[in-house]
**Student:** 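Sharing a structure, written as C-alpha cells. Questions coming.
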Amino acid sequence: MSSVRSHRRSVISEAVAPWSDIARLLRGGDAGTLLPVIIPKHRRRLWWMLPLWFGGYALLSGVMLSLKESGSDGLGGMAAGALATLSYTFGVLLLVIGGLWWWRSSIVEIEQGTHGVLTRYGAVVRTLDAGRHYLWHPWSRVDFVVDTATEIPYSAPVMACPTQENVPLRSIEFFLKFRITDAVLFVRTIGAGNFDLVLSSAVQDAIRQRARQVRTERAYDLRGSDVADMQDLLNRQLDRYGVRITGCNIPDVQLPAQYQQHLATREQVAKERTAYEQEWGLIRKRRIDSLGMDIERAKKIRDARIVEVRAALNRAREEVAQLLERQETEAQRVRFEIETRGRSGLIAAENEARAQQALAKAYRDNRAVLRYELARRRLEVGSRLAEKAPRPVVVRTDGGTDTSALSTLFTAQLLPRLTSGDRVLNAGALLSAEDGGHDQR
C-alpha cells in the first residue's frame with residue numbers, strides 16, 4: 001500500500017461545476033485530482049428579458065387603449081378602458097417579475113479564500129474578492145473561480161533517476177506546496193491542465209539534477225535534506241504563471257535491491273557505532289564525573305589543610321611575635337637596668353671622686369691638723385690600752401676577816417667575773433671613742 005501510494009503522482013486540473021459544488025471541489029478535489037480552478041455553470045440566461053418585453057408591450061397596449069377610450073363613447077369606450085386597466089396591471093406585474101428575475105440572476109457569491117475572474121464580452125475586466133457581488137450587466141459573468149489562499153499539496157515521484165555513478169534509483173518522491181498568487185495571470189497564461197505538465201517537468205528536472213550530484217551509497221541522505229535551492233529554482237520558473245512555491249522536501253528515496261541490502265548493513269553498522277559511541281560517552285561521562293568528584297574532594301581536603309597550615313602559621317607568627325615582644329621587653333628591661341646601674345655607678349663614682357678630690361684637698365690643706373689629730377688619737381689609744389692592762393687585786397685577810405676555805409673559794413670564783421665586767425666596760429668606751437673619731441673625719 002505504501003509503495004503504491006509513493007508512486008502516485010498528483011494531478012492538477014480544472015472542472016466545470018455549478019455554484020453549489022464549487023466549495024466542495026476546491027477543498028477536496030475530485031477523485032484524487034487537485035482542482036485549484038473551477039469554471040462555474042452560469043445560471044444567467046436572457047429569459048428574464050421576456051417578462052420585461054411583455055410588460056413593456058402590455059403597458060404600451062394599455063396606453064393605446066386609453067387613447068382609444070378617450071376618442072370613443074358608449075360601450076366601445078368602456079371596453080377599451082377595461083382592457084387598458086387590465087393591460088396596465090399585467091404590464092406592471094410582468095415588469096416586477098422581470099426585475100426580480102434580473103436581480104436574482106445578477107447575484108454572484110464568491111467563496112472565502114478564492115477570487116473570481118470577471119469577464120465582459122469575453123474580456124477580463126477585474127477579479128472579484130470573496131463575498132456577494134451584483135452583475136447588473138447582462139453580458140458580465142464569472143468565468144473562473146480560483147483558489148488563491150490555500151497551499152495546495154503536490155506529490156511528484158521521479159522514476160529511474162540516475163545518480164553520480166549512473167545507477168538508476170527506483171524512485172525519488174518529491175513533495176511541495178504551492179499557492180496561486182495571481183488568478184488572472186494563472187488562468188490566462190497557462191491554465192490548470194497545462195500547469196500540471198509544466199510543474200511535473202520542472203520537478204523532474206530539478207530532482208534529476210540533484211540526484212546527479214549524489215553518490216549511490218549516500219542516496220538516503222536526500223531524505224529530509226535541504227532543498228531551498230530547488231525551491232528557489234522552481235519559484236523562478238513558475239513566477240511567470242502567478243504561482244509561488246511555499247515549501248518542498250524529499251520524503252522518500254527508494255534504491256535498487258542490490259544497494260538496499262548494502263545500505264541496510266551500513267545503517268546497522270552506523271546504528272551500532274552510534275550505540276557504542278553513546279555507551280562509551282556514558283562511561284566516559286561517569287568516569288569524568290567520578291574523577292571530578294575525586295578532584296573536588298581532594299580540593300576540599302587541600303583547602304582544609306591549607307586552612308589548618310595557615311592557622312598554624314598564624315599561631316606560630318603570633319607566638320613568635322609574642323616571644324619577640326617578651327624578649328624585646330626583657331632586653332629593654334635589662335638595658336634599662338644596666339643603664340640605670342651604670343648611671344648610678346657613674347654618679348657614685350663621680351661623687352666618690354669628687355669626695356676623694358675634696359678630701360685630698362682637705363688633707364693637703366690640713367696636714368698639721370691631721371698630724372695633731374693622729375698624735376692625740378695615739379695618746380688616747382695608749383691611755384685606753386693602759387686602762388685595759390691587768391690590775392692586781394689585793395685581798396686582805398688580816399684582822400677579823402674570815403680566812404676559812406669556803407671564803408677563799410668564793411673569792412676565787414667572784415674575782416674573774418668582776419674583772420671581766422670591767423673589761424667589757426673599757427672595750428665599750430674604746431669603741432665609742434673610735435666611732436666619734438671617724439665621725440669627726
Side-chain angles (χ1 to χ4, degrees), residues 1-13 29-36 150-180 190-241 243-278:
M1 180 66 69
S2 61
S3 62
V4 174
R5 186 177 299 173
S6 63
H7 290 298
R8 183 180 300 172
R9 187 179 70 86
S10 301
V11 179
I12 301 173
S13 181
D30 186 15
T33 303
L34 302 176
L35 299 175
T150 305
E151 292 184 350
I152 303 171
Y154 182 83
S155 178
V158 181
M159 307 297 177
C161 186
T163 60
Q164 188 175 357
E165 296 88 353
N166 204 21
V167 176
L169 301 177
R170 183 182 298 179
S171 68
I172 298 178
E173 187 174 352
F174 188 75
F175 177 81
L176 61 87
K177 296 182 295 183
F178 68 91
R179 184 170 61 87
I180 300 174
I190 188 170
N194 296 330
F195 178 74
D196 179 64
L197 297 176
V198 171
L199 181 59
S200 177
S201 300
V203 168
Q204 289 193 12
D205 183 51
I207 288 293
R208 293 182 187 278
Q209 289 181 7
R210 173 59 65 88
R212 278 293 185 181
Q213 301 174 359
V214 179
R215 298 180 64 86
T216 307
E217 61 271 12
R218 307 287 294 180
Y220 277 147
D221 295 341
L222 291 175
R223 293 182 298 185
S225 60
D226 187 11
V227 291
D229 55 345
M230 298 175 63
Q231 182 177 346
D232 295 338
L233 177 62
L234 292 175
N235 279 326
R236 287 194 298 269
Q237 294 178 1
L238 302 178
D239 187 61
R240 69 187 69 164
Y241 306 125
V243 178
R244 182 72 178 174
I245 306 295
T246 58
C248 56
N249 64 344
I250 300 176
D252 189 20
V253 177
Q254 294 186 4
L255 299 178
Q258 61 270 23
Y259 282 100
Q260 285 184 358
Q261 184 178 3
H262 170 68
L263 291 180
T265 305
R266 178 171 171 266
E267 287 184 355
Q268 183 179 0
V269 172
K271 290 179 181 178
E272 292 178 356
R273 177 185 176 186
T274 304
Y276 289 143
E277 288 179 353
Q278 291 178 356

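We count residues from 1, following the sequence as given.
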**Student:** What's the spacing between Leu176 CG and Ile250 CD1 if we round to 0.5 Å?
**Tutor:** 11.0 Å

**Student:** I'd like to check the salt bridge (charged side-chain N to carboxylate O under 4.0 Å, His left out) partners of Arg215; sequence neighbours left out, ordered by chain and number.
**Tutor:** Glu165, Glu217

**Student:** How far does CG of Leu34 sit from OH of Tyr154, to the nearest 0.5 angstrom?
**Tutor:** 8.5 Å

**Student:** For Arg223, what residues pass the side chain to side chain contact (heavy atoms under 4.5 Å, CB included) criterion, not counting sequence neighbours?
**Tutor:** Tyr220, Asp252, Val253, Glu267

**Student:** Mind running ring pair (Phe, Tyr, Trp, His ring centres under 6.0 Å) on Phe178 and Phe195 for me, showing each step along the way?
**Tutor:** CA-CA 12 Å; Phe178 68 91; Phe195 178 74; 5.3 Å; yes

**Student:** Would you say the side chain of Met230 lies within less than 4.5 Å of the side chain of Leu233, judging by non-hydrogen atoms?
**Tutor:** no

**Student:** Does a side-chain heavy-atom distance below 4.5 Å link Ser155 with Pro157?
**Tutor:** yes

**Student:** For Asp229, enumerate each residue passing the salt bridge (charged side-chain N to carboxylate O under 4.0 Å, His left out) test, keeping only those at least two apart in sequence or located in another chain.
**Tutor:** Arg210

**Student:** Measuring only between side-chain heavy atoms, which start at C-beta, is Phe175 closer than 4.5 Å to Val227?
**Tutor:** no

**Student:** Gln254 side chain to Leu169 main-chain N or O, any donor-acceptor pair under 3.5 Å?
**Tutor:** no

**Student:** Atom CD of Gln204 and atom CE of Met159: how far apart are they, to the nearest 0.5 Å?
**Tutor:** 9.0 Å

**Student:** Measure the spacing between OG1 of Thr150 and NZ of Lys177 and express it to the nearest 0.5 Å.
**Tutor:** 12.0 Å

